[in-house]
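Read the structure below first, then the notes.
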Amino acid sequence: MSAYPVSTTLHREWAADLTPDRLYALLKLRIAVFVVEQECLYQELDGRDLEPTTRHFWIARDRNEPLAYLRLLEDAGGRFRIGRVCTATSARGTGLSRRLMEAALAEIGDRQSVLEAQVQVADLYSAFGFHPEGEPYLEDGIPHVTMRR
């Protein structure tokens with residue numbers, strides 16, 4: 001029996017392939033989690049969502065309702081950066097973030113990757129071979145730690 005909701009599908013698209021409606025739905029989920037729920041006033045739209053090498057991963061009940069999301073960036077030197085990992089409140093605890101990480105890491109393979117983890121969920125990333133680098137720090141009032149794989 002799968003730990004994931006039966007009626008969900010994992011999607012992956014390059015930035016250039018996202019329709020305006022799809023991008024809007026993904027950004028709406030990110031803003032609902034990071035800005036509204038976590039009460040962090042920050043510039044969510046950082047200019048990297050539409051870079052040619054950016055990949056967007058999400059899980060949805062249908063193509064219009066994302067339940068979980070992850071953004072994969074390719075930095076200079078071929079290093080990958082995983083970020084904006086989030087799950088809608090209604091879908092938490094069902095393994096969707098884990099499923100997104102599995103998909104992103106399958107694409108990255110053994111190449112170097114980094115992420116900025118909220119300390120409260122660092123164990124999720126440790127399970128995928130990420131190790132803390134440096135001391136925890138506050139970002140927008142939330143403890144974070146840089147993790148590398």
Side-chain angles (χ1 to χ4, degrees), residues 2-5 8-18 22-61 65-149:
S2 172
Y4 311 122
T8 61
T9 304
L10 183 126
H11 303 275
R12 176 212 172 271
E13 287 191 20
W14 291 95
D17 296 328
L18 287 174
R22 181 118 49 255
L23 179 60
Y24 180 89
L26 298 174
L27 294 174
K28 183 178 175 185
L29 173 62
R30 284 176 17 191
I31 289 168
V33 172
F34 296 124
V35 177
V36 176
E37 178 187 335
Q38 295 183 354
E39 298 179 356
C40 290
L41 297 176
Y42 75 103
Q43 189 59 43
E44 164 59 20
L45 303 178
D46 61 1
R48 301 215 57 195
D49 290 308
L50 297 179
E51 289 178 356
T53 58
T54 298
R55 295 127 169 123
H56 299 269
F57 293 80
W58 74 95
I59 297 173
R61 284 195 185 99
E65 185 189 348
L67 298 172
Y69 173 84
L70 176 151
R71 178 175 79 175
L72 181 61
L73 304 173
E74 193 167 344
D75 288 340
R79 182 180 72 181
F80 286 89
R81 179 173 298 277
I82 294 172
R84 302 299 203 265
V85 181
C86 63
T87 303
T89 307
S90 63
R92 292 202 184 130
T94 59
L96 297 181
S97 291
R98 186 169 299 281
R99 187 172 169 196
L100 288 170
M101 286 296 296
E102 290 167 354
L105 292 174
E107 186 149 333
I108 292 170
D110 62 358
R111 292 173 286 182
Q112 187 182 73
S113 55
V114 66
L115 54 83
E116 309 297 326
Q118 290 186 9
V119 170
Q120 68 186 21
V121 292
D123 288 347
L124 167 69
Y125 304 115
S126 293
F128 288 102
F130 284 87
H131 302 284
E133 181 177 87
E135 294 298 315
Y137 58 92
L138 282 181
E139 185 172 321
D140 300 312
I142 298 173
H144 282 72
V145 63
T146 300
M147 300 185 80
R148 193 171 301 278
R149 178 177 178 269

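All residue numbers refer to positions in the sequence shown, counting from 1.
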Set out, in order, the CA-CA distance, both residues' side-chain angles and the distance that settles side-chain contact (heavy atoms from CB on, under 4.5 Å) for R92 and V33, then state yes or no. CA-CA 12 Å; R92 292 202 184 130; V33 172; 3.8 Å; yes
Side-chain donor-acceptor contact under 3.5 Å, T9 with R61: no
Take atom CD in E135; do more than 12 heavy atoms of anything else shown fall under 6.0 Å from it? no
Worked check of side-chain contact (heavy atoms from CB on, under 4.5 Å) between M101 and F130: CA-CA 11 Å; M101 286 296 296; F130 284 87; 3.8 Å; yes
Taking side chain as C-beta onward, heavy atoms only, is V85 less than 4.5 Å from V121? no
With E74 as reference, evaluate R81, R55, R48, R79 under the salt bridge (Lys or Arg N to Asp or Glu O under 4.0 Å) test and give the passing residue. R55
I'd like to know if the side chain of R98 and the backbone of G95 have a donor-acceptor N/O pair within less than 3.5 Å. no
Could you walk me through whether Y137 and E116 pass the side chain to side chain donor-acceptor pair (under 3.5 Å) test, one step at a time? CA-CA 10 Å; Y137 58 92; E116 309 297 326; 2.4 Å; yes
Quick one: pull up CG in L70 and CG in L26 and give me the separation to the nearest 0.5 Å. 11.0 Å
R30 side chain to Y69 side chain, donor-acceptor N/O pair below 3.5 angstrom: yes
Audit row: R12, E107, salt bridge (Lys or Arg N to Asp or Glu O under 4.0 Å) steps and yes/no: CA-CA 10 Å; R12 176 212 172 271; E107 186 149 333; 2.6 Å; yes
Find out whether L27 and D49 are in side-chain contact, i.e. whether some heavy atom of one side chain is under 4.5 Å from a heavy atom of the other. yes
Pair L67, E65 - check side-chain contact (heavy atoms from CB on, under 4.5 Å), show working. CA-CA 6 Å; L67 298 172; E65 185 189 348; 3.9 Å; yes
The reported gap from CG in L73 to OG in S113 (rounded to nearest 0.5 angstrom) is 12.0 Å
Output the distance between atom CG (L100) and atom CG (L105), rounded to the nearest 0.5 Å. 10.5 Å
Should the pair W58 and H11 be assigned to parallel (<30°), tilted (30 to 60°) or perpendicular (>60°) ring geometry? parallel
Salt-bridge present (D46, R71; N to O < 4.0 Å): yes
